[in-house]
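This report refers to the structure that appears directly beneath it.
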Amino acid sequence: MPISLYNSLSRRTEPFRPLNPDRVTMYLCGPTVYNYVHIGNARGPVVFDVLVRLLRRHFPAVLYARNITDVDDKINAAAQSQGVEIGTITAKFSQAYREDMAGLGIAPPDLEPRATDHIQAIIRMIGQLLEDGHAYVAEGHVLFDVGSYPDYGRLSGRDTEELIAGARVEVAPYKKNPTDFVLWKPSTPDLPGWPSPWSLGRPGWHIECSAMSAAHLGDTIDIHAGGIDLLFPHHENEVAQSTCAHGGKVFARWWMHNGMLTFDGRKMSKSLGNVLLVHELLKAHPPEALRLRLMSGHYRQPLDWSDGAIAQSVSTLDGWYRVLRDLAHVELPDGGLPVPERVEAALCDDLNTPQALAELSQLADQARINGDAASKAALLGGGALLGLLQQSPEAWFKRGDNHVDEARIEDLLRQRQAARAGRDFARADAIRDELGAMGIVIEDGAQGTRWSVLKT
RNA sequence: GGCCUGGUGGCAGAGUGGUCAUGCAGCGGCCUGCAAAGCCGCGUACGCCGGUUCGAUUCCGACCUAGGCCUCCA
């Protein structure tokens, strides 16, 4: 089943054919580690995690890199305001990021390059750009000369002339051209700095990704992904740098951009202050419900975040896990889980996760109706491709709540059963109400009385 | 101001030139001691105005409206 993916570069959905099918390469712009990430930051990692899972089914080797930017002025500012070393900040939030991503069921990338480990590669790349006349030195800075790259603006659909005319920011006096961007900037003694031919300094943001991508994945990669807000200037600049530093070779063959997460109708962003931290949401809601919500819309569309939407996701998962709980006694067939064709087909169509989820609902219906091993395996197999249904039904219905007093619940259920047996329904209902007050909902079924934690 | 996306039923959210999205919620019935779950059934959609067409939610144009980028940002 061929994979088709929308390419921001051509603005069309195209059949995905990697340069080398034996080694598919993909790069996702990762976080700048100066704070906890918000749920909007997790959308790309989640949807591209699904893409990687899909790619791994189609190709023998996929090399997926997600970088960590650990040198940046925001990090410097955070360290300064908290009175700690920069390394303290970056170590803490790098780890927090890994934990948050793992919490959302995102598989670790194959490579997690850090900017500070690639300073020499960055310096070499800048040197190459200078040598080839694509960059110039000014007051200890090295700037990319946009005028030297005629294709600048092609990815983001921008006209260089208009960019110059429409420049709203104050232009640094040492720039030849307002759109020129910094590759290297000088540092003062209180800031992190590395020796270079131009100054004791640090790299600009854009060059980091270019250098890390080339160092690990090669001059030309198959897919470069990130949020649509990075399309300009970040990705446009990456294209310019990498293409020029590599003698005109194509940098990324596919550019994929996820839409923004909104909250109260506005883009969720740190600068707007309307953020919900993954770190906090993971404590308040079942993690899989967060993941489900993030892929319940098509990845290129905007997606609005709300408590109501989380509750819907929880209800949906309740239904699927209920099926699995009823089939707990059904042994799975040997040989691993199959991937249902319809789920895969949906994903092959430019990662249509909403369609894939609709298929999963059908599979849940089938499993409930048929109750056989093959149907159960199909449901779990479809879930696995999406990174869902990864826990036991029992764990799901306990909502990861370690405070529930299971012994007391079981005791009350026994008392209720005794009351029911004696047809003392007033007593039985009183016990059910008592459990309800504890946040426990129950249901009587053929396999006895079940209980779940009522919580989103 | 420039560039780019969207506007689908109570909510979420796919998709399609003419026959079904799907989920959540709601309503009626069955089941149940009563519930819950499940099963059966029901309902309400494609921003607005034109155009193309035998026929448009789907194609084209205008308009209204929401959002993104143009500055750090997933």
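Predicted model only: the values in this text are computed from it and were never measured. Order of the sequence lines sets the chain letters (A, B, ...), proteins ahead of strands, with each chain counted from 1.
In this structure the side chain of A/P203 reaches within 4.5 angstrom of the side chain of A/V71, judged on heavy atoms.
No cation-pi contact links A/R43 to A/Y299, judged by a cut-off of 6.0 Å to the six-membered ring centre and 45° from its axis.
Nearest to the side chain of A/R416, among B/A37, B/G33, B/G68, sits B/G33. The side chain of A/Q362 has B/U22 as its nearest neighbour among B/A74, B/C69, B/U22. Among the nucleotides B/G33, B/C72, B/A14, the one closest to the side chain of A/D429 is B/G33. Which of B/A25, B/C34, B/A74 sits closest to the side chain of A/L230 comes down to B/A74. For A/L303, taking side-chain heavy atoms from C-beta onward, the closest of the listed nucleotides B/A74, B/C72, B/G13 is B/G13. You'll find that the side chain of A/Q312 is closest to B/C24, out of B/C34, B/G13, B/C24. When the nucleotides B/C72, B/A35, B/G68 are ranked by their closest atom to the side chain of A/R266, B/G68 comes out on top. Side-chain proximity of A/R158 to the nucleotides B/C34, B/C70, B/A74 is greatest for B/C70. Distance from the side chain of A/R420 is smallest to B/C34 among B/G6, B/C34, B/G13. Taking the side chain of A/N352 as heavy atoms from C-beta on, and the options B/A37, B/G15, B/A25, the nearest nucleotide is B/G15.
Counting non-hydrogen atoms under 4.0 angstrom, A/E359 reaches nothing in the nucleic acid. Residue A/S271 is in base contact, counting any heavy-atom pair closer than 4.0 Å across all strands shown. Using a 4.0 Å heavy-atom cutoff across all strands shown, A/G157 reaches sugar-phosphate atoms only and no base atom. When heavy atoms are screened at a 4.0 angstrom cut-off, A/G319 is found touching no nucleic acid atom at all. At a threshold of 4.0 angstrom between heavy atoms, the contacts of A/G308 with the nucleic acid are absent. Within 4.0 Å (heavy atoms only), A/H257 reaches no atom of the nucleic acid at all. A/G227 comes within 4.0 angstrom of the backbone, heavy atoms only, and of no base.
Between the side chain of A/R432 and the base of B/A35 there is at least one donor-acceptor pair of N/O atoms closer than 3.5 Å. Scanning atom types as modelled, one donor and one acceptor separated by under 3.5 angstrom connect the side chain of A/D444 and the base of B/C34.
Separation of the C1' atoms belonging to B/C69 and B/G55 is 39 Å when rounded to the nearest angstrom. B/C70 and B/A12 have their C1' atoms separated by 31 Å, with the value rounded to a whole Å. Across B/A37 and B/G47, the matching P atoms stand 34 Å from one another, rounded to whole Å. On the C1' atoms, B/C59 is 8 Å away from B/G17, given to the nearest whole Å. With both ends at atom P, the span from B/G6 to B/U16 equals 13 Å, rounded to whole Å. Spacing between B/G2 and B/A45 at atom P, rounded to whole Å, works out to 38 Å. Nucleotides B/U58 and B/U19, compared at atom P, are 14 Å apart to the nearest Å. A gap of 12 Å separates the C1' atoms of B/U44 and B/C27, to the nearest Å.
Between A/K267 and B/C69 there is a side-chain polar atom (N or O) within less than 4.0 angstrom of OP1 or OP2. For A/R293 and B/G13, the shortest distance from a side-chain N or O to OP1 or OP2 is below 4.0 Å. For B/U5, neither phosphate oxygen OP1 nor OP2 lies less than 4.0 angstrom from any side-chain nitrogen or oxygen of A/R11.
Comparing A/I39 and A/A428 by the nucleotide of RNA chain B whose heavy atom lies nearest to each, the residue mapping closer to the 5' end is A/A428. Between A/F425 and A/N258, it is A/F425 whose nearest contact on RNA chain B lies nearer the 5' terminus.
Residue pairs meeting the side-chain hydrogen bond (donor to acceptor under 3.5 Å, both in side chains) criterion with at least one member in residues 374-391 of chain A, sequence neighbours excluded: A/N370-A/S375, A/D372-A/S375. For residues 344-401 of chain A, the ring-ring contact (aromatic ring centres under 6.0 Å, His included) pairs, not counting sequence neighbours, are A/Y321-A/W396.
Salt bridge A/D72/A/R202: absent, no basic N to carboxylate O contact under 4.0 Å. Between A/R66 and A/D110 there is no salt bridge, since no side-chain N of the basic residue sits under 4.0 Å from a carboxylate O of the acidic one. Salt bridge annotation for A/R114-A/D117: present, with a cationic side-chain nitrogen under 4.0 angstrom from a carboxylate oxygen. A salt bridge is absent between A/D180 and A/K175: the closest approach of a Lys/Arg side-chain nitrogen to an acidic carboxylate oxygen does not fall below 4.0 angstrom. Salt bridge status for A/D411 with A/R416: absent, with no side-chain N to carboxylate O gap under 4.0 Å.
Atom P of nucleotide B/A74 and atom CG of A/D304 are separated by 19 Å, given to the nearest angstrom. The separation between A/W305 atom CH2 and B/G67 atom P is 21 Å, rounded to whole Å. In this structure, CG of A/N370 is placed 15 Å from C1' of B/G38, rounded to the nearest angstrom. Between A/N274 atom CG and B/G68 atom C1' the separation is 14 Å, expressed in whole Å. Between the CZ atom of A/R12 and the C1' atom of B/U5 there is a distance of 19 Å, given to the nearest Å. Rounded to an integer number of Å, the gap from NE2 of A/H298 to P of B/U8 is 17 Å. Rounded to whole Å, atom C1' of B/C11 lies 14 Å from atom CG of A/D307. One atom, CZ of A/R154, and another, C1' of B/C70, lie 20 Å apart when rounded to the nearest Å.
Taking the six-membered ring for Trp, A/Y36 and A/F93 have ring centres closer than 6.0 Å. Ring to ring, A/H118 and A/H216 are close: their centroids are under 6.0 angstrom apart.
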**Study point:** Watson-Crick and G-U pairing of RNA chain B written in dot-bracket, each distance under 3.5 angstrom, with | for inter-strand partners
**Key:** (((((((..(((.....[...))).(((((.......)))))....(.(((..]....))).))))))))....
